[in-house]
Amino acid sequence: MTLEEKAGQLSITGGRPDLDDRISAGRLGGTNGVLPGQDVAALTRHFQRVAMQSRLKIPLLFMGDVIHGFRTVYPVPLAMAATWDTTLVTSVDSASAAEATAVGVDWTFAPMLDIGRDPRWGRVVEGPGEDPYLGAALARAQVRGYQGDVTGAELAAPTTMAATAKHFAGYGAVQAGRDYNSVDLSDRRFRSVYLPTFHAVVNAGVATIMAAFTALNGVPSTANVWLLKGILRDEWGFQGVVVSDYDAVPELENHRIAANDAEAVALAMGAGVDVDLHSLTYADQLPGLVRSGRVSEAAVDSAVRRVLRLKFRLGLFDDPFRYDDAARAKAVTLSPSQRALARRAAAESFVLLENHGVLPLSPALKTVAVIGPLANDSANPLGPVHAVGRPADTRTVLKGIRDRLGAGVQVLYARGAGIGVLSPAGAAGTSNAAAGSGAADTAGIAHAAALAKRAGAAVVVVGEAASMSGEGGSRSRLDLPGAQLALVKAVVATGTPTVVVLMSGRPLTIPWLSEHAPAVLETWFPGTEAGDAIADVLFGDAEPGGRLPISFPRDVGQIPIFYAHRSTGRPAVASDRYTSKYLDVANSPLYPFGYGLGYTRFAYSNVRVDRAQMGFGDTVHVSVTVRNVGQRAGTDVVQLYVTDEEASVSPVVERLRGFRRVRLAPGEARQVSFPLTTHDLALFSVDMKRYAAEPGWFTVSVGGNSRNAHEHQARFELVER
């Protein structure tokens, strides 16, 4: 291979007029295969044919953001995290891969594994939430879904694709929740919270890793030798491909560690970035850098081998067109099975935050008012990054409710108010509070309230626009934008039993709803089957199966807020000013991690450990009896938390160490058991050189969320023998 051909294999881009020329010259390794509004199959087929006419006939990769569906759009990743159902997550990502690969897309930039503890950051919508244990379990499930079995042996199957764990690492801790901002983390927090999800998928055989845009402790990840070589390659033994984020290589100049593109390329290659995404700085700069001796040709060769190995593993050298199957595309795209899975996944992701005897709604209702700016919206339920999903395919809430109730029930509809507009402060320093207040969009509220007054029940669908979440979607305030809260207040004031359906990509600050709304259902961005899934839950055909993967703050001033905080020398005492608390709001979240109501109730009892003492290398089993004490069948997520009572470093107050979805009939009881090993009890030593458990007492807590688990506890001692 010439240097130009080698550099081409390390370059992927799209949307350029010269793609045919670059591909035919062997100077491109792949291109974007996820192009909304275009015939993806025709594009991938065309470009692969051009590649087969090049000198070396090396097939192209076709990549893109297939993160929660392709044409059939599933709930956003944060919603899928709310299912706490790894089997379902694998099924959803496998179905997504089946649609995408049928039209030639063989490499997805998912899953996003950044732990998010600041919901101001818009990209919490793409991640697993606040907890590394839950995040790691979901991450392994996602890789299985995209790639097949965890060893990667199924990667050459025509229905699987290469997954990318992103963004390595610490991106979820951007300062002030502002996207692309810098990250400053202690080594203890970095390794304890932000690395475990990535380590889990490296062990699970993930094909590629994407370096983060951001700088970690002053060093951009794209040029971070300690991160990409020291941890990823040397410590963890990762053998796959490392890809930059979009234009992140030339952005090293914005970070002010490179003076020009050539310096940026030398730094990225030196740190271990194999592939440059989009910018073409590798293609343009690498040959000259190698010839001048500034970049080792051996380093380039190693990177090229990793890229070629990925193409071999995908089966592209055996058949470059293996991922082009028109018959399969027709069979799987928006198929009944895809839609059914999307509908089930959505219902299982919904979190019932409040219910004061309103839900499920009675099928005997004669009139239902469906109100709100998102009630008849077909675009926003798809979320901010929805591949080639189309609003025309979306089942709206209004449509879902009308179809569920049939012609015999009158369904009234009013938009009531707009979603609201968010815009940054202008040159004169005007606040976005004015821009987002929706003061001019209140004309429909009175009409909406009048319709609600005529109805037996009202469903008010409010929340965020999809554009308010996702990449670049940071918000300084997390209340309902525009005049939506005023709309809800007006409907609730009518006295009509009211359900508030929230659509959002993050936790919102909703204290008024918590105190006054008869029922509140968080549906996130539910995807293509939004309306039918919401109707299923509202009328009791399905239960709201979700539990929060991220805490809901009472006020934005509490952020970052998460359950696994560290102990302090002055824990909060209500009667003592000089303890760790706020003067104006409680320390606790409005809704805690793991929280979610259902249509029945569960009681926990008899928490036990099978031994009072545990030796190093032993396994202790924690058991609990869970009983359905309600009137209908239901599912709860049984959660196990562990507290280290004393350690050489101040431990977090508790850590999730097990969870299981359990479905029980009315009156049915079941004993649920969790194994705990010394690895589950481990922490980093004072000098950060060891990750191991320390002798001492541990408390286990089991319950339905991180708050009420404290009501059911047991203890055991870890001893050296």
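Side-chain atoms of Thr635 and Glu543 include a donor-acceptor pair closer than 3.5 Å. Between Ser514 and Glu354, the side chains place a donor N or O and an acceptor N or O closer than 3.5 Å (distance only, hydrogens not considered). Using a 3.5 Å distance cut-off with no hydrogens or angles, the side chains of Glu99 and Thr72 do pair a donor with an acceptor. No side-chain N or O of Gln713 forms a donor-acceptor pair with one of Thr699 less than 3.5 Å apart. When only modelled atom types and interatomic distance are considered, Thr90 and Gln142 share no side-chain donor-acceptor pair under 3.5 Å. Counting only N and O atoms by type, the side chains of Ser551 and Glu130 include a donor and acceptor under 3.5 Å apart. For the 3.5 Å distance criterion, the side chains of Thr160 and Gln147 fail to qualify, holding no donor opposite an acceptor. No donor-acceptor contact under 3.5 angstrom links the side chains of Asp245 and Tyr180, judged on distance only. For Trp107 and Thr164, the side-chain atoms include at least one donor-acceptor pair closer than 3.5 Å.
To the nearest 0.5 Å, the span separating CD1 on Ile534 from OG1 on Thr523 amounts to 4.0 Å. How far OG of Ser467 is from CD1 of Ile419: 7.5 Å, rounded to the nearest 0.5 Å. A distance of 5.5 Å separates CG in Asn380 from CG in Leu374, rounded to the nearest 0.5 Å. The distance from atom OG of Ser94 to atom OH of Tyr146, rounded to the nearest 0.5 Å, is 10.5 Å. Between Asp131 atom CG and Tyr563 atom OH the span is 3.5 Å, to the nearest 0.5 Å. Here the OG atom belonging to Ser349 is positioned 7.0 Å from the CE atom belonging to Met80, to the nearest 0.5 angstrom.
Between Gly69 and Ala387, the shortest heavy-atom contact is O-CB, 3.5 Å. Shown here for Val500 and Ala517, the closest heavy-atom pair between the two residues is CG2-CB, 4.0 Å. What you find for Ala110 and Val66 is that their closest heavy atoms are CB-O, 3.7 Å. Pairing each heavy atom of Tyr599 with each of Ala542, the nearest pair is CE1-O, 3.8 Å. Of all the heavy atoms in Val73 and Ala342, the pair that sits closest is O-CB, 4.3 Å. Taking all atoms of both residues into account, the shortest heavy-atom contact from Leu502 to Val520 is CD1-CG1, 3.9 Å.
Gln558 places a side-chain N or O within 3.5 Å of a backbone atom of Ser588 that can act as its donor or acceptor partner. A donor-acceptor pair under 3.5 Å is formed between the side chain of Ser91 and the backbone N or O of Thr87. Side chain of Arg655 to main chain of Tyr133: no donor-acceptor pair is present (N/O by atom type, distance under 3.5 Å, no hydrogens or angles). The backbone N or O of His712 sits nowhere less than 3.5 Å from a side-chain atom of Ser701 that would complete a donor-acceptor pair. Side-chain atoms of Trp524 never come within 3.5 Å of backbone atoms of Met503 as a donor-acceptor pair (strictly under, hydrogens ignored). Side-chain atoms of Asn628 come within 3.5 Å of backbone atoms of Leu664 as a donor-acceptor pair (strictly under, hydrogens ignored). Between the side chain of Ser474 and the backbone N or O of Gly177, at least one donor-acceptor pair lies under 3.5 Å. At distances below 3.5 Å, not a single donor-acceptor pair connects side-chain atoms of Glu522 with backbone N or O atoms of Leu352. For Gln338 (side chain) and Ala95 (main-chain N/O), a donor-acceptor pair under 3.5 Å exists by modelled atom type. Using modelled atom types, one side-chain atom of His68 and one backbone atom of Tyr74 make a donor-acceptor pair closer than 3.5 Å.
Checking each of Trp84, Phe552, Phe562 against Phe593 for a ring pair (Phe, Tyr, Trp, His ring centres under 6.0 Å) leaves exactly one that passes, namely Trp84. For the ring pair (Phe, Tyr, Trp, His ring centres under 6.0 Å) with Tyr171, the qualifying choice from Tyr194, Trp121, Phe190 is Trp121, the only one to do so. Under the side-chain hydrogen bond (donor to acceptor under 3.5 Å, both in side chains) test applied with Glu529, the options Arg395, Arg343, Arg339 reduce to a single match, Arg339.
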Assess whether ring-ring contact (aromatic ring centres under 6.0 Å, His included) is satisfied between His679 and Tyr691, documenting all intermediate values.
-> CA-CA 9 Å; His679 182 77; Tyr691 184 73; 5.7 Å; yes
Determine, step by step, whether Leu480 and Leu513 satisfy the side chain to side chain contact (heavy atoms under 4.5 Å, CB included) criterion, reporting the C-alpha distance in whole Å, the side-chain angles of both residues, the deciding distance to 0.1 Å, and the verdict.
-> CA-CA 10 Å; Leu480 285 171; Leu513 297 183; 4.3 Å; yes
For Glu471 and Tyr246, run side chain to side chain donor-acceptor pair (under 3.5 Å): C-alpha distance rounded to whole Å, both residues' side-chain angles, the deciding distance at 0.1 Å, then the answer.
-> CA-CA 12 Å; Glu471 187 171 349; Tyr246 192 97; over 6 Å; no
Decide yes or no on side chain to side chain contact (heavy atoms under 4.5 Å, CB included) for Ser221 and His167, but give the supporting numbers first.
-> CA-CA 9 Å; Ser221 294; His167 307 83; over 6 Å; no
Full working for side chain to side chain contact (heavy atoms under 4.5 Å, CB included) between Arg670 and Val662 = CA-CA 9 Å; Arg670 186 177 306 166; Val662 177; 3.6 Å; yes
Test Leu382 against Thr394 for side chain to side chain contact (heavy atoms under 4.5 Å, CB included), laying out the working first.
-> CA-CA 8 Å; Leu382 299 179; Thr394 304; 3.4 Å; yes
Between Gln175 and Asp184, does a side chain to side chain donor-acceptor pair (under 3.5 Å) hold up when you go through it step by step?
-> CA-CA 8 Å; Gln175 291 183 21; Asp184 286 278; 2.8 Å; yes
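Salt bridge Asp393/Arg71: present, at least one basic N to carboxylate O contact under 4.0 Å. A salt bridge between Asp65 and Lys166 is present, with a side-chain N of the basic residue lying under 4.0 Å from a carboxylate O of the acidic one. A salt bridge links Glu464 with Arg475: at least one charged nitrogen is closer than 4.0 Å to a carboxylate oxygen.
When side chains are defined from C-beta on, Val174 does not count as touching Phe213, because their heavy atoms never get closer than 4.5 Å.
Counting non-hydrogen atoms of neighbouring residues, nucleotides and ligands closer than 6.0 angstrom, the CZ atom of Arg188 exceeds 12 such neighbours. Around atom CZ of Arg663, more than 12 heavy atoms belonging to other residues, nucleotides or ligands sit under 6.0 Å away. Counting non-hydrogen atoms of neighbouring residues, nucleotides and ligands closer than 6.0 angstrom, the CZ atom of Arg661 exceeds 12 such neighbours.
Seen from the ring of Tyr595, Arg707 does not count as a face-on cation partner, given the 6.0 Å and 45° thresholds.
For Tyr604, the side-chain hydrogen bond (donor to acceptor under 3.5 Å, both in side chains) partners two or more places apart in sequence, or in a different chain, are Asp636.
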